[in-house]
Amino acid sequence: MKPKLRCCTIVLLCFLGLSAKSQEITESTFGNGLINVVAKDSSYSLKFATRFQTLFSSRWTFTEDDTSTSGETNMLIRRARLKFEGFAYSPKLEYKIELGLSNRDISGGNEFTGNAPRYILDAVLKWNFYKNFVLWAGQTKLPGNRERVISSGDLQLVDRSLLNSRYNIDRDIGVQLHHSHQLGENILIKKAISFSQGEGRNIISGNLGGFQYTGRLELFPFGNFNAYEQADLDRYKSPKLAVGFTFDHNNNAVRNRSNMGNYMRTDYGFHETDINTYFIDAMFKYRGLSIMGEYAKRNAESPIALNSNGTPTGDKVNEGTGINFQIGYLLDNNYELVGRVTHIDRKFQLPNNIENQYTIGLSKYIINHKLKIQTDISLNDMDHSITNRTLYRLQIDFHF
């Protein structure tokens, strides 16, 4: 063996030996975070986790008379996240930081975000200051529709429904007050109110319109359970039900989807209007069966943006209603069959204001939601349209 090659081999072997000795055996298990520590003096804790979703999708658009068909195929990292959470100073003061790394996570930057990528998803403190009262401060999801509040990593289909994409109120920066109390042995009531900026996440310039006010009331008539995770992975032996009601008011909003979407610009500045969004939702679980239903409605005081001379700018508030119904059944081998029907009626999308989507899916939970493979196929049926669309998706979800 040549001297240089011998030297390189010795160095490589030494490095591998040192690396092997530096490895430590941990008691942590997959799905509970890469790092999960508590300070010796109990002054803080840290749980660090990462996750990503690898998505394959194929879309076809075809005419009703089958005279024309077109399609496209795409592969991407749909989501890639870093999550930090724990407590600081006291277990009553919790924190959560979640960062997005994929292009879809960080897109949407503009002059109001400093023309910078939107890396921060959540940065919030949660202070349990008195009994069952918890004060949240920072940027996080508003207490909106159930499907939106459920993590994208805890879904039983590849992604959320059209109802969510059309009408959800997503994340904002502000304060929230959460409270829960028990009525009798089983009935649990949860309440949340929120005061936020009304512009969405990662905005660094001033508040262009007014503020956003959100309230949510939720009833658990058969006791508490995991109502913010789809699929009955717990296989509850008694029926579990949660029913929620949300009202959101965005005062003088300047974006066409409340705190999301396009800015409604005019020749004199921004079009401002009050936007109200209503949600009613429910989650039921029992012995592997899970059923979720949602209703959404959005309206605005002045939905059409006008220039100073009264001519429409082309921007309109995304008014309308939506209904979503989803049912799944978990088999003994942790395969789940899922079906979903979504109906959307958008006021200003004429002549194609009605959109129906029908989805069937199959999921394999290898380690619950932490490691799973999901596939689904959807048909989008557009009213008064000569074309329909079919979407096939296959996704791997990996979550430390």
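We count residues from 1, following the sequence as given.
- Interatomic distance, F284 CZ to L241 CG, rounded to the nearest 0.5 Å: 7.5 Å.
- Without hydrogens or angle criteria, D376 side chain to V158 main chain gives a donor-acceptor distance under 3.5 Å.
- With no hydrogens or angles considered, no side-chain donor-acceptor pair links S258 and R298 at under 3.5 Å.
- Counting only N and O atoms by type, the side chains of D397 and Q53 include a donor and acceptor under 3.5 Å apart.
- Among R340, R104, R78, R148, the single residue meeting the salt bridge (Lys or Arg N to Asp or Glu O under 4.0 Å) criterion with D159 is R78.
- The side-chain contact (heavy atoms from CB on, under 4.5 Å) test with T359 is passed by exactly one of L379, L157, I377, T342: L157.
- Nearest heavy-atom pair, H369 versus L155, reported as atom, atom and distance to 0.1 Å: CE1-O, 3.5 Å.
- When all heavy atoms of R160 and S151 are compared, the closest pair comes out as NH2-C, 3.6 Å.
- With 3.5 Å as the limit, one finds no donor-acceptor pair spanning the side chains of S196 and R171.
- For the 3.5 Å distance criterion, the side chains of H249 and N276 qualify, holding a donor opposite an acceptor.
- Side-chain contact annotation: E147 with S161, donor-acceptor N/O pair under 3.5 Å present.
- No more than 12 heavy atoms of other residues, nucleotides or ligands sit less than 6.0 Å from atom CD1 of I360.
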Kindly indicate, with the supporting measurements, whether the criterion side chain to side chain contact (heavy atoms under 4.5 Å, CB included) is fulfilled by E98 and K96. CA-CA 7 Å; E98 183 167 354; K96 178 185 178 184; 3.5 Å; yes
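- A side-chain donor-acceptor contact under 3.5 Å links Y392 and T375.
- If you check the side chains of Q326 and Q230, you find a donor sitting under 3.5 Å from an acceptor.
- N74 and S57 share no side-chain donor-acceptor pair at under 3.5 Å.
- Closest heavy-atom contact between L162 and N380: CD1-ND2, 3.9 Å.
- Nearest heavy-atom pair across F279 and G144 is CD1-C, 4.2 Å.
- The backbone N or O of K370 sits nowhere less than 3.5 Å from a side-chain atom of N368 that would complete a donor-acceptor pair.
- Side-chain contact annotation: S290 with D232, donor-acceptor N/O pair under 3.5 Å absent.
- Under a cut-off of 6.0 angstrom, the local environment of CZ in R118 is crowded, with over 12 non-hydrogen atoms contributed by other residues, nucleotides or ligands.
- Counting heavy-atom neighbours within 6.0 Å of Y268 OH, excluding the residue itself, gives a total above 12.
- Donor-acceptor pairing under 3.5 Å is recorded for the side chains of Q212 and D248.
- Between N202 and Y119 there is no side-chain heavy-atom pair separated by less than 4.5 Å.
- For the atom pair CG (N186) and NZ (K240), the distance works out to 7.5 Å, reported to the nearest 0.5 Å.
- For F195 and Y213, the gap between ring centers is short of 6.0 Å.
- Annotation for R265: atom CZ counts as buried by contact number, over 12 foreign heavy atoms lying within 6.0 Å.
- In this structure, CD1 in I203 is found 9.0 Å from CD in Q139, a value given to the nearest 0.5 Å.
- In this structure, CZ in R216 is found 10.0 Å from NZ in K190, a value given to the nearest 0.5 Å.
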Applying side chain to side chain contact (heavy atoms under 4.5 Å, CB included), run through F398 and K372 and close with a yes or a no. CA-CA 7 Å; F398 182 89; K372 60 187 178 182; over 6 Å; no
Would F348 and E319 count as a side chain to side chain contact (heavy atoms under 4.5 Å, CB included) here? Give the steps. CA-CA 7 Å; F348 296 114; E319 284 193 323; 3.5 Å; yes
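- When the shell of 6.0 Å around NZ of K191 is examined, it contains more than 12 heavy atoms from other residues, nucleotides or ligands.
- Neither side chain, N318 nor N256, offers a donor N or O lying under 3.5 Å from an acceptor on the other.
- The number of heavy-atom neighbours closer than 6.0 Å to CZ of F129, taken from other residues, nucleotides and ligands shown, is above 12.
- H271 contributes a side-chain N or O that, together with a main-chain N or O of S302, makes up a donor-acceptor pair within less than 3.5 Å.
- Ring centroids of F87 and Y95 are separated by 6.0 Å or more, keeping the two rings apart.
- A distance below 6.0 Å separates the ring centres of Y263 and F112.
- Residues M260 and N168 meet the side-chain proximity criterion, which asks for heavy atoms closer than 4.5 Å.
- The NE2 atom of H343 lies 10.0 Å from the OH atom of Y295; values are rounded to the nearest 0.5 Å.
- Taking the six-membered ring for Trp and the full ring otherwise, the centers of Y286 and Y236 sit at least 6.0 Å from each other.
- Between the side chain of N250 and the main chain of G198, a donor-acceptor pair closer than 3.5 Å is present.
- Separating the CZ atom in R235 from the CG atom in D332 is a distance of 5.5 Å, to the nearest 0.5 Å.
- Between the side chains of N145 and N164, a donor-acceptor pair is found at a separation under 3.5 Å.
- A donor atom on one side chain and an acceptor atom on the other are not found under 3.5 Å apart for T214 and S194.
- Defined by atom type and a distance below 3.5 Å, a donor-acceptor pair is present between the side-chain atoms of D267 and S308.
- Side chains of S363 and E336: a donor-acceptor N/O pair is absent below 3.5 angstrom, by distance only.
- Dense packing is recorded around CZ of F325, with more than 12 heavy atoms of other residues, nucleotides or ligands lying under 6.0 Å away.
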Run L394 and I373 through side chain to side chain contact (heavy atoms under 4.5 Å, CB included) and show every step you take. CA-CA 8 Å; L394 174 66; I373 301 174; 4.1 Å; yes
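- A pairwise comparison of heavy atoms in L188 and H181 identifies CD1-O, 3.5 Å as the closest pair.
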